[in-house]
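The structure appears right after this line, and notes come after that.
All values below were derived from every heavy atom in this structure, side-chain atoms included, with hydrogens, water molecules and symmetry-related copies excluded. None of these values were measured; they are calculated from a predicted model. Residues take their numbers from the sequence shown, with the count starting at 1. Each ligand, and each atom within it, is numbered from 1 in the order the structure gives.
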Amino acid sequence: MSFELTSEQVQLRDAARKLAQEKFKEKAGYWDKHEEFPEENKETLCKLGYLGLSMDEKYGGSGLGLVDTYLVVEEIAKVDMTTALLVHDQNVSPRIIANYGSEELKRRLIPQFIAGKAECSIAWTEPQAGSDATAITTSAVRDGDDYIVNGQKIFTTFGDRAAMHLVYARFGSSKGAKGIGTIIVERNRPGVTVHSLEGKMGARGANENEMFFDNVRVPATNVVTLGDPASSKGFVQPLTIYNATRVGMGVLALGVAEGAFDLAREYMTVREQFGQKLCEMQGLRWMMSDMLIQIEAARCLCYKALALVDAGKPDPCLSSIAKLYATEMAIKVTLDCQQMFGGYGYFGSLPLERMVRDVRMLTITGGTTQTQKNVIASYIFPNK
Ligand SMILES: Cc1cc2nc3c(=O)[nH]c(=O)nc-3n(C[C@H](O)[C@H](O)[C@H](O)COP(=O)(O)OP(=O)(O)OC[C@H]3O[C@@H](n4cnc5c(N)ncnc54)[C@H](O)[C@@H]3O)c2cc1C
């Protein structure tokens, strides 16, 4: 067992840290305030090859592991969670396509994702099917060489800008996980309508959307995992990718918590009250110690879970533990760091206020905290 990063990983992490601190930090508040997608950051990430870190070299990626990729995500999340999401996203739909799509789909799509020419959103959640993910009713019905897709999706991140959507649909009249599969639906197909959702709390550089598919005709070659009414394979296959995706949300949370912690530590060495620096007050020193313990624990959980996926031995229970712990930790830590700034922390002129809002989404999306507890409990009581 080794907890040491390799020298290549240290280099990768340090380069990402420099990029984040020098290029992304200053404008992080701007994207949030103006609710604008950080297009220039995406271009920079793309130019430097950060959008294909974990993608196969055969399709133009770097062929690195998940631990490597998330060292980068963590550094960027320290300053701007929305920009870090762009690097994280290569491990969502592109990775599902890379693992389960046909060779034709991989050759057609993955180079476009890596080159930043196209994005692919995940259209899974429906108004009546959130945590109960197998309750979806969107349908994909075969018609000659095509499928006809009908249904409604909600909360689709980047649905407004993505060139295509990985749509979870029911390929038959079965119930539950059986019959569910995934199919790529391009945004410009007749019958696709997208509306952005307003009033989002945090990560405001990225939009969530409501989407409608009204008799959308899609070629059968766009199927990624085929739904089969007699089997849950088309549903379970993409789920295996979530062993890493949900830990990725933990790493996003970890990065924001560390960013907030660094700001609080710095402030505490200069702010004085009662003739003392904040960093000399025992109550506050203990709060910082408690936070560091939790940050370190989250880091260990997340990277252990990712290292197991990299080693081909994913542990779904550990992935849920890591996601839950790191995201809940980040909510608490960012709030406690905000507390260190007193009244100043409550205003948007400091990044703390944004950080508190940004991390809030991470205990909801990618499976809520309660859903993770259900997964963990199913490992504690396998037959109940
Ligand atoms: C910012 C953001 C981005 C998102 N991005 C995407 C995306 O890109 N693509 C996509 O498909 N979806 C996305 N989602 C949707 C997200 O995955 C769902 O919101 C999430 O799965 C919860 O579903 P729900 O909102 O319907 O809540 P519900 O399932 O209705 O849950 C409501 C509450 O009940 C709890 N609960 C539900 N069932 C149980 C149970 N069995 N036991 C205990 N507690 C339970 C939940 O934990 C929650 O607290 C996003 C959501 C957000 C907020």
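Considering only non-hydrogen atoms, atom 19 (O) of ligand 1 lies nearest to Phe155 out of Tyr168, Phe158, Phe155. Nearest to atom 12 (N) of ligand 1 by heavy atom, out of Thr368, Thr363, Thr125, Leu166, is Thr125. Of the candidates Ser93, Ser131, Gly202, Ala133, Ser131 brings a heavy atom nearest to atom 37 (C) of ligand 1.
Put simply, atom 30 (O) of ligand 1 has no protein non-hydrogen atoms near it, under 4.0 Å away. Protein heavy atoms are absent from the 4.0 Å sphere centred on atom 39 (C) of ligand 1. In this structure, atom 33 (C) of ligand 1 is not in close contact with the protein, since no protein heavy atom lies within 4.0 Å of it. Distance check on atom 22 (C) of ligand 1: some protein heavy atom falls below the 4.0 Å cut-off.
Using a cut-off of 4.0 Å between Lys/Arg side-chain N and Asp/Glu carboxylate O, Lys153 and Glu210 are scored as not salt-bridged. Classification of Arg217 and Asp146 as a salt-bridged pair holds, one side-chain N sitting under 4.0 Å from a carboxylate O.
The residue Thr369 has no part lying near ligand 1, judged by heavy-atom distances below 4.0 Å. Within the 4.0 Å heavy-atom criterion, neither part of Lys153 lies near ligand 1.
The salt bridge (Lys or Arg N to Asp or Glu O under 4.0 Å) test applied to Asp262 returns Arg265, not counting sequence neighbours. Under the side chain to side chain donor-acceptor pair (under 3.5 Å) criterion, Glu104 pairs with Arg108, not counting sequence neighbours.
A distance of 6.0 Å or more separates the ring centres of Tyr70 and Tyr303. Separation of the Tyr147 and Phe171 ring centroids falls under the 6.0 Å cut-off.
For a threshold of 3.5 Å applied to N or O pairs, the pair formed by Asp132 and ligand 1 contains no separation below that value. At least one N or O atom of Trp124, backbone or side chain, sits closer than 3.5 Å to an N or O atom of ligand 1.
In this structure a side-chain-to-backbone donor-acceptor pair under 3.5 Å is missing from Arg360 to Ile331.
Listed by atom number, the atoms of ligand 1 under 4.0 Å from Gln370 heavy atoms are 43 (C), 44 (N), 46 (C), 47 (O), 49 (O).
Taking 4.0 Å as the cut-off, Ile122 counts as a neighbour of ligand 1 on heavy-atom distance.
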